[in-house]
Amino acid sequence: MDEPDLFPEGPALSVPDRLAAEALIVDVNGFEGPLDLLLTLSRSQKVDLRRISVLQLAEQYLGFVTQARALRIELAADYLVMAAWLAYLKSRLLLPPDPTEEGPSAEDLAAHLAWQLERLQAMREAAATLMARDRLGRDFFARGAPEGVANLRTVRHTATLLDLMQAYARIRTRDEFRPYAFDRKNVFTMEQALDRLRGMLGYAGDWMALMAFLPDDWKGDPQRRRSATAAHFAAALELAKQGSVQLSQSDTFAPLRLRVKPA
Amino acid sequence: MTDQNAPSLFAAPPMAEQERMVEAILFAAFEPVTVADLSRRLPVGCDAAEALAHLRRRYEGRGVHVVKVGDAWAFRTAPDLGHLMRNEQVEVRKLSRAAIETLAIIAYHQPVTRAEIEEIRGVAVSRGTIDQLLELEWVRLGRRRMSPGRPVTFVVTEQFLDHFGLESARDLPGLRELRAAGLLDSRAMPGAPAGPDDDEPTVTPQSDLFQD
Amino acid sequence: MTDQNAPSLFAAPPMAEQERMVEAILFAAFEPVTVADLSRRLPVGCDAAEALAHLRRRYEGRGVHVVKVGDAWAFRTAPDLGHLMRNEQVEVRKLSRAAIETLAIIAYHQPVTRAEIEEIRGVAVSRGTIDQLLELEWVRLGRRRMSPGRPVTFVVTEQFLDHFGLESARDLPGLRELRAAGLLDSRAMPGAPAGPDDDEPTVTPQSDLFQD
């Protein structure tokens, strides 16, 4: 999507609207996402959320984003995604419907957005009602001194679900730091290759192809050959790093050769 | 009254006595006690439910009430007397706005997945928000959703009901109205492709609550 | 009785109301309450001693009594019902770390053998640990494994699900979900690399659980 097209000159806002929008921008960190921002903007329409003008709301939101950019305020990606979507919705709402276009109508999309806002608003109100209820330990109370007569004392062990999940997380996290144990067959390790090369290099005279060091029974099966080759290559690099061998290769993909570093 | 000196093996105590017993058990406990639990603790042949009904009537209008919490029962002080109990008030940890909204969404939409909570709030559920609700034991894990990825769901607990003085999740304030207004439905964005977000249940979640 | 319609600023509530108040205070108090304390907590003009006397009479012969403890007052279960309170006298102790880890492994990987538990935990599992879980009835023996030595396996029980508020062991969150809930990060070792999020136990026996 081409961003400059999405953010045309802001719609003409009245002074109070502009002030309100600026107040919002100052506050941008206080918003919990684009829906929250839309809900706040929708209050300026002072109508039932069911009769809200989504077109007007889209313009307000886009105006907000434009101003935020003018003030060089970094907006999080989800705000910009919503802006792009609203710009699209706005153009769909303004243009006459294209009979060839498939998919939902602009009105359906607008109605869905209005419904999402209404739902969020409803949950906010439900949350407020819930928190304002009479609450245990604040407005009504349980027995302050539950009776535990002391003669018969049995120990009951208990644990919470959180304990259980944390225990499992602890074990699995520990696992992440344990070296992964290969129990697969047909894997030749670098340690094996190092041992093998160290043992054989003493007998090797001048330059010798790396592949010649592979054990015979690791040369046939492709999977085994690959593993042994990789291990020997890594081992050769390791030995070169330690300064005990020299490596040479005449050309790209030419056979790699090595010899004991002359003293 | 049965003859105390020669009680028959299975004669249940008279109802007044059963009521006393239930009264004592509920008084002694802090946590709500289920009828099943009461039955286990009362002598053989007792009718815990009936004794409870008598007890409930006896305490109507008193300073303490018998309240229902999910499937369980407890004595709780009358809410209008809360002002006398300043000494006993416990500081409830202040919940963030995100946590409060998440709690309400779980209560009203349960069982609900994290993705659904995020869709309703229009923002990611930050780390620790659900953790905090789990720790308060107001929220627990429900059944996994039978949809791709089989996401875990969250539901509210009996402690939640107890804390907010609700008999059951059906008694959440305004639940019926919200349901009638379609605000508890799960509606996908029109024309939304059947993408990874398409793990909506075929029935609306909250309707599960009303099936029994 | 004062005139309800024109209460003076300091009119005490009616005695029945004072009695309710004392009832609620005694119920919610952490410790026995003295008459002086009651007077301080009741509205001005109340007669705590008289309200208390009314309350005592009301509870005569009931399942709980108002009793004097030192020079203070408290509700106590009627002595003849003490036998019903046995369940209240349990000392609750947290499960040991070894036991909770073993339990977690059984829950996530069931059916699982002792050798497999030891492999996952990386340490030997003492006999007492599994015995304790068996005794708690959170774990039971499953089918023997069809492998050399036919080792016994362990699975979690219905009681386990009950205790942890789970509908089934399948509802336990996976590693990815634990991480999303912040449970993994909080335990991460210093310098922990941000590992791939796909380390679900795909080849472990637990995968059997997800196939139905």
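Naming: A, B, ... by sequence-line order, numbering from 1 per chain.
- With chain A as the partner, the residue from C:Ile105, C:Leu103, C:Leu95, C:Thr102 showing the most heavy-atom pairs under 4.5 Å is C:Leu95.
- In this structure, the separation between CD on C:Glu101 and CD1 on C:Ile106 is 12.0 Å, given to the nearest 0.5 Å.
- C:Gln132 touches chain A through its side chain: at least one heavy atom from C-beta onward sits under 4.5 Å away, while N, CA, C and O do not.
- When each of C:Leu141, C:Val152, C:Thr153 is tested with C:Pro111 by the rule side chain to side chain contact (heavy atoms under 4.5 Å, CB included), just one qualifies, namely C:Thr153.
- In this structure, chain A has a heavy atom under 4.5 Å from the backbone of C:Ala29, while its side chain stays farther away.
- Within the 4.5 angstrom heavy-atom criterion, no atom of C:Leu26 approaches chain A.
- To the nearest 0.5 angstrom, C:Glu19 atom CD is 6.5 Å from C:His54 atom NE2.
- Using a 4.0 Å cut-off between charged side-chain N and carboxylate O, C:Arg20 and C:Glu23 make no salt bridge.
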